[in-house]
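So the structure is just underneath, and the comments pick up after that.
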Amino acid sequence: MSLTLYYHPLSSFCWKALIALYEGDVAFTPRSVNLGDPADRAAFQAVWPLAKFPVLVDDAAGQMIPESSLVVEYLARTQAAAASLLPADPERSMAIRLADRLIDSYIHLPFQGIVNERMRPDDKHDPYGAGQARAAVRQGYDLIAPRVAGPWMMGEAFTLADCAALPALYYADYAVSLDAWPPLRAYLERLKARPSVARVLTEAEPWFQYFPLKDG
Ligand SMILES: N[C@@H](CCC(=O)N[C@@H](CS)C(=O)NCC(=O)O)C(=O)O
C-alpha cells in the first residue's frame with residue numbers, strides 16, 4: 001500500500017487527516033507513533049524532524065507531507081474520492097482554506113495552549129496565560145459561529161473546513177463549553193453523526209482516558 005499515515009488516535013490534528021481519509025474511503029497504512037517511546041520518537045523524527053503528527057508518506061510518489069491541512073489538500077488532489085474536500089476552483093478553494101486557517105488559528109491552537117498549561121508541572125502553572133487562551137477560544141467561537149453556512153461549514157458540501165472544525169470544536173468544548181453558542185453546538189452534533197467522524201471518535205475512545213481535560 002502506497003500511503004502511510006503517521007499519527008496517534010487521540011491527536012486532534014490527526015483527526016483532521018483521518019476524517020479526510022475516511023471520507024474518501026482511501027486505503028492507507030496507519031502507523032501509530034508513541035512519542036513517549038524514545039526509539040519510536042527517533043524513528044518518526046527520521047521521517048519528519050519536528051516529530052509532530054499527522055504526516056502522510058506516499059511511497060509511490062516519493063512524497064512526505066506534514067501538516068494536517070496539507071495532508072487533506074494532498075488527498076483531495078490525488079484521490080478522486082476525496083476531491084470534493086478541496087475543489088480545484090480557486091475562489092471556492094480559497095474560501096475553504098480560509099475557514100480551515102481561522103479554525104486552526106483561533107480555536108484549535110488556543111485550545112492546545114490550555115492543554116499545555118494543564119500539563120505543566122505543579123510549580124510552573126500560568127493562570128494568566130490559561131485565561132488568555134480561554135478568551136481566545138471564546139473569540140474564535142464568535143468568529144466561526146456566524147460562518148457556518150449550512151449543514152456543513154461551507155454549505156451543502158463537506159470539505160476540509162469540516163475536517164478542521166470537528167477536532168477543534170470537539171476538544172475545545174471541554175475547555176470552553178459550546179453551550180453559549182447554540183449554532184456551533186448543533187454543528188458539532190451534526191459532525192459527530194457523520195460516519196467518518198464517528199469512526200474517528202470510536203477509534204480514539206480507548207485512549208480518551210489520557211486526555212488531560214476529560215474531567216473538566
Ligand atoms: N500545525 C500542525 C500541528 C500538529 C500538532 O501540533 N500535532 C500534535 C498532536 S495534535 C503533536 O504532534 N504533538 C506532539 C508534540 O508537539 O510533541 C498540523 O496541522 O498538523
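No hydrogens, no waters, no symmetry mates; every other heavy atom, side chains included, goes into these values.
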Give a yes or no on whether the ring-centroid distance for His108 and Phe13 is below 6.0 angstrom.
yes
Taking CZ in Phe44 as the centre, count heavy atoms belonging to other residues, nucleotides or ligands within less than 6.0 Å. Is the count above 12?
yes
Where is the tightest heavy-atom contact between Ala136 and Pro110, given as atom of each residue plus distance?
CB-CB, 3.8 Å
Show me the donor-acceptor pairs within less than 3.5 Å that the side chains of residues 74-82 make with the rest of the protein, sequence neighbours left out.
residue : atom : partner : partner atom : Å
Tyr74   : OH   : Asp58   : OD2          : 2.7
Thr78   : OG1  : Tyr74   : O            : 2.7

Is the centre of the Tyr174 ring less than 6.0 Å from the centre of the Phe211 ring?
yes
Classify the ring geometry of Phe208 against Tyr171: parallel below 30°, tilted from 30° to 60°, perpendicular beyond 60°.
parallel
Separation between CD1 of Ile19 and CG of Asp162, rounded to the nearest 0.5 Å
9.0 Å
Taking atom CD as the centre, does Glu91 end up with more than 12 heavy-atom neighbours from other residues, nucleotides or ligands that are less than 6.0 angstrom away?
no
State which residue, out of Leu178, Leu169, Ile144, fulfils the side chain to side chain contact (heavy atoms under 4.5 Å, CB included) condition with Tyr187.
Leu169
To the nearest 0.5 angstrom, please state how far the CZ atom of Phe158 sits from the CD atom of Glu23.
4.5 Å
Check ion pair Lys52-Glu67 (N to O, under 4.0 angstrom)
no
Pair Arg101-Ser69, side-chain donor/acceptor within less than 3.5 Å:
yes
Ring centroid separation for Tyr170 and Trp15, is it under 6.0 angstrom?
yes
